[in-house]
2 protein chains.
Amino acid sequence: MMSFFDEQAVTSSDKAFFRMRKEIVEGEIAAGSKLSEMELSTKYEVSRAVVREAINRLESCHLVERKANVGARVVTLTPEGLMELYQIREALEGMAARLAAQHMTDTEIQDLEGLLSSQFDEVKNQHSYYQEAGDLDFHYRIILGSKNASLISMLVNGLYHLVRMYRVQLGMAGPRVTTAFDEHKHIVRAISNRDPELAEILMRRHIQYSKNNIATKLASNQSHF
Amino acid sequence: MMSFFDEQAVTSSDKAFFRMRKEIVEGEIAAGSKLSEMELSTKYEVSRAVVREAINRLESCHLVERKANVGARVVTLTPEGLMELYQIREALEGMAARLAAQHMTDTEIQDLEGLLSSQFDEVKNQHSYYQEAGDLDFHYRIILGSKNASLISMLVNGLYHLVRMYRVQLGMAGPRVTTAFDEHKHIVRAISNRDPELAEILMRRHIQYSKNNIATKLASNQSHF
DNA sequence: ATATTGAAAATTGTCGACAATTTGTGGCGA
DNA sequence: TCGCCACAAATTGTCGACAATTTTCAATAT
C-alpha cells in the first residue's frame with residue numbers, strides 16, 4: 001500500500017523544515033505564535049541559517065508569514081481562512097478530477113476502484129471507520145491522476161498541509177463518513193466513464209458539502225463561548 | 001491609474017529576488033540555464049546568502065527548480081507546461097470571477113466598467129492597441145475582487161510571473177484583441193448582474209479561448225523547424 | 001500622569017570561511 | 001577500447017560573527 005509521496009530529508013534544512021511543518025500542523029507550535037530564529041536554532045541544535053531556510057520554505061506553503069526585519073509568525077486560523085481554502089480546493093480539485101477523467105490510465109482507475117472497495121469492506125465490517133487517511137488517499141490519487149505537474153505540486157506541497165492544520169487544530173475529524181464514501185464512489189464512476197464534466201461537477205459538490213459541514217460545525221463551536 | 005501591487009524592496013534579498021525574477025521572466029537569464037550562487041553573488045555584488053534566499057523565493061514561484069547538493073536551474077518552457085498553467089488559470093480565475101460577482105463592491109464594479117470603456121476608446125481611436133498591460137489589469141482587478149487572500153496571493157505572487165515568462169519568451173503578444181475585449185465586457189456584465197455562475201463560466205471560456213489560441217500558435221511555430 | 005526622546009537590548013539581515021557533497025579528470029586494469 | 005576507481009576541483013550546505021533594524025524601557029519634559 002505504497003501511496004503518497006515519501007519526501008525524504010537529505011539536507012539538514014529538510015529535517016528542520018519537515019519537523020517544523022509537523023509541529024505547526026499539529027499545533028505543537030501554536031497558531032499565531034512568533035518564530036524566533038535564535039530560539040529554534042538552539043532547540044533543534046542547528047545554525048540559524050538552516051532555521052531561516054526552513055522558515056522560508058514554510059512561508060512558501062503559506063504556513064507562516066514573514067515581515068522584513070521583524071520576523072515570522074505562524075498563520076492564524078480563522079473560519080474565513082478555512083472557507084477561502086475550501087474555495088481554492090473546490091476550484092483546483094474540481095479541475096484535477098476533470099483532468100483525471102481524461103488522463104488516468106485504465107489500471108490506475110482500477111486501482112482507485114480497488115481502494116474504494118477495500119475501504120468499503122473496512123467500513124462495513126466496522127473494523128475501522130472511514131477516517132481521514134482514507135479520504136486523503138482518495139483525493140491524492142485523483143490529484144496525481146490529473147498528470148498536471150504544477151497542479152500536483154500546488155496541492156500536495158502547498159495546500160494540503162494547510163488543510164490538515166485546520167482539520168487537526170479545529171477538530172474536524174468528524175463523521176460524514178458514509179456520505180463522503182458514496183460521493184467518492186460517484187466520482188470514480190464518472191472518471192471510469194471518462195466523463196470529465198461530471199467528474200468535475202461531482203468533485204466540486206463533494207468539496208462544497210465538506211465545506212458546509214465544517215461551516216456549521218464551526219458555527220456551533222463558536223456559540224459555545 | 002494606480003493599479004497593481006507595488007511590492008517594494010526593503011531588504012537586499014528583495015532587490016536580488018526582484019532583479020532575478022525580472023531577468024528570468026524576460027529571458028535575460030535563459031530558460032533551463034543553471035544558476036550558480038557564486039557567479040550571481042559576484043555579478044550582483046552581494047553575499048551568497050542573499051542569492052540563496054532569492055533563489056529559494058524564485059523556487060516558491062515555480063520559476064526555478066532546485067535539487068539538494070546540486071543546484072538550481074531556471075525552469076524549462078514546454079508547450080505542455082504552458083497548457084498545464086492555463087488549466088490552473090482556468091480553475092483559479094474562474095473561481096475568482098465567481099467570487100468577484102459576490103464580493104466586489106458597487107464602486108469597484110463601476111471602476112472596472114470605467115477601465116473597460118477607457119480601453120475601448122483607446123482601441124477605437126487606434127491610439128493604441130489592446131495589449132498585454134490592459135489585459136493584465138483587467139484580470140488583476142477581478143482577482144483582487146474575489147477578496148480571497150489566499151487566492152490572490154497564489155495568482156499574483158505565484159502564477160502570473162510564470163505566465164508572463166511564457167508570453168514574453170514564446171512571443172505571445174499576438175492579436176486576439178477585439179475578441180478578448182468583448183469577452184471581458186461579457187464577464188463584467190455578469191459580475192455587475194451579480195451572477196456568479198455565469199461570471200465563472202465566461203471567465204473559464206475566456207481563458208480556454210486564450211489557451212486554444214496559444215496552442216495553435218505554438219503548433220505553427222513548431223512546424224517551422 | 002502622559003507623551004517623547006534616546007539609549008540599550010534583542011532580533012533579523014548580511015557576510016566570509018569552513019565542511020560536505022557532487023562533478024570532472026586522469027590513470028589503472030581487464 | 002571500455003569501464004572502474006581514486007583524486008582533485010568546483011559547488012552547495014552549514015556555521016559563527018558582525019551589521020542593520022526593530023523593540024524595549026527608562027529618563028525627561030510638558
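Fair warning: this is a prediction, and the values are worked out from it, not measured in the lab. Quick note on labels: first sequence line is chain A, next is B, and so on, each numbered from 1.
- Between A/Tyr140 and A/Tyr160, the angle of the ring planes lies from 30° to 60°, which puts this pair in the tilted group.
- For A/Arg66, a side-chain nitrogen or oxygen approaches OP1 or OP2 of C/dG13 to under 4.0 Å.
- The 5' end of DNA chain D is approached more closely, in terms of each residue's nearest nucleotide, by B/Met38 than by the other of B/Met38 and A/Val10.
- B/Glu7 has a carboxylate O that lies under 4.0 Å from a charged side-chain N of B/Arg21, or vice versa, which qualifies the two as a salt bridge.
- Put simply, B/Lys34 has a side-chain N or O that comes within less than 4.0 Å of OP1 or OP2 on D/dT12.
- With rounding to whole Å, B/Arg73 atom CZ is found 11 Å from D/dT12 atom P.
- Two residues, B/Gly71 and A/Ala49, neighbour DNA chain D, and the one matched to the more 5' nucleotide by heavy-atom proximity is B/Gly71.
- Side-chain proximity of A/Val46 to the nucleotides D/dC15, C/dT11, C/dC15 is greatest for D/dC15.
- B/Leu35 comes within contact range of the sugar-phosphate backbone alone, with a heavy-atom separation under 4.0 Å but no base atom that close.
- Checking the phosphate oxygens (OP1, OP2) of D/dT14, a side-chain nitrogen or oxygen of A/Ser12 falls inside 4.0 Å.
- Side-chain N/O atoms of B/Thr11 include one lying less than 4.0 angstrom from OP1 or OP2 on C/dT14.
- Atoms CG (A/Asn56) and C1' (C/dG13) sit 12 Å apart, rounded to a whole Å.
- For A/Ser47, no side-chain nitrogen or oxygen approaches OP1 or OP2 of D/dT14 to under 4.0 Å.
- Between the CD atom of B/Glu37 and the C1' atom of C/dT23 there is a distance of 16 Å, rounded to whole Å.
- With 3.5 Å as the limit, one finds a donor-acceptor pair spanning the side chains of B/Thr105 and B/Thr107.
- Put simply, CG on A/Asn69 is 16 Å from P on D/dA19, counting in whole angstrom units.
- Put simply, CZ on B/Arg48 is 11 Å from P on D/dT14, counting in whole angstrom units.
- Ionic pairing of A/Glu26 and A/Lys22 is present here: one or more N-O contacts between side-chain nitrogen and carboxylate oxygen are shorter than 4.0 angstrom.
- For A/Ser13 and D/dT14, the shortest distance from a side-chain N or O to OP1 or OP2 is below 4.0 Å.
- A salt bridge is defined here as a Lys NZ or Arg NE, NH1 or NH2 lying under 4.0 Å from an Asp or Glu carboxylate O, and A/Lys147 with A/Glu108 meets this definition.
- In this structure, the CD1 atom of B/Ile55 is 13 Å from the P atom of D/dT11, given to the nearest Å.
- Rounded to a whole Å, the CG atom of A/Asp14 is 13 Å from the C1' atom of D/dT14.
- Atom-to-atom, CD of B/Glu39 to P of D/dA10 comes out at 14 Å; the value is rounded to the nearest Å.
- A/Arg52 has a side-chain polar atom (N or O) that falls below the 4.0 Å cut-off from OP1 or OP2 of C/dG13.
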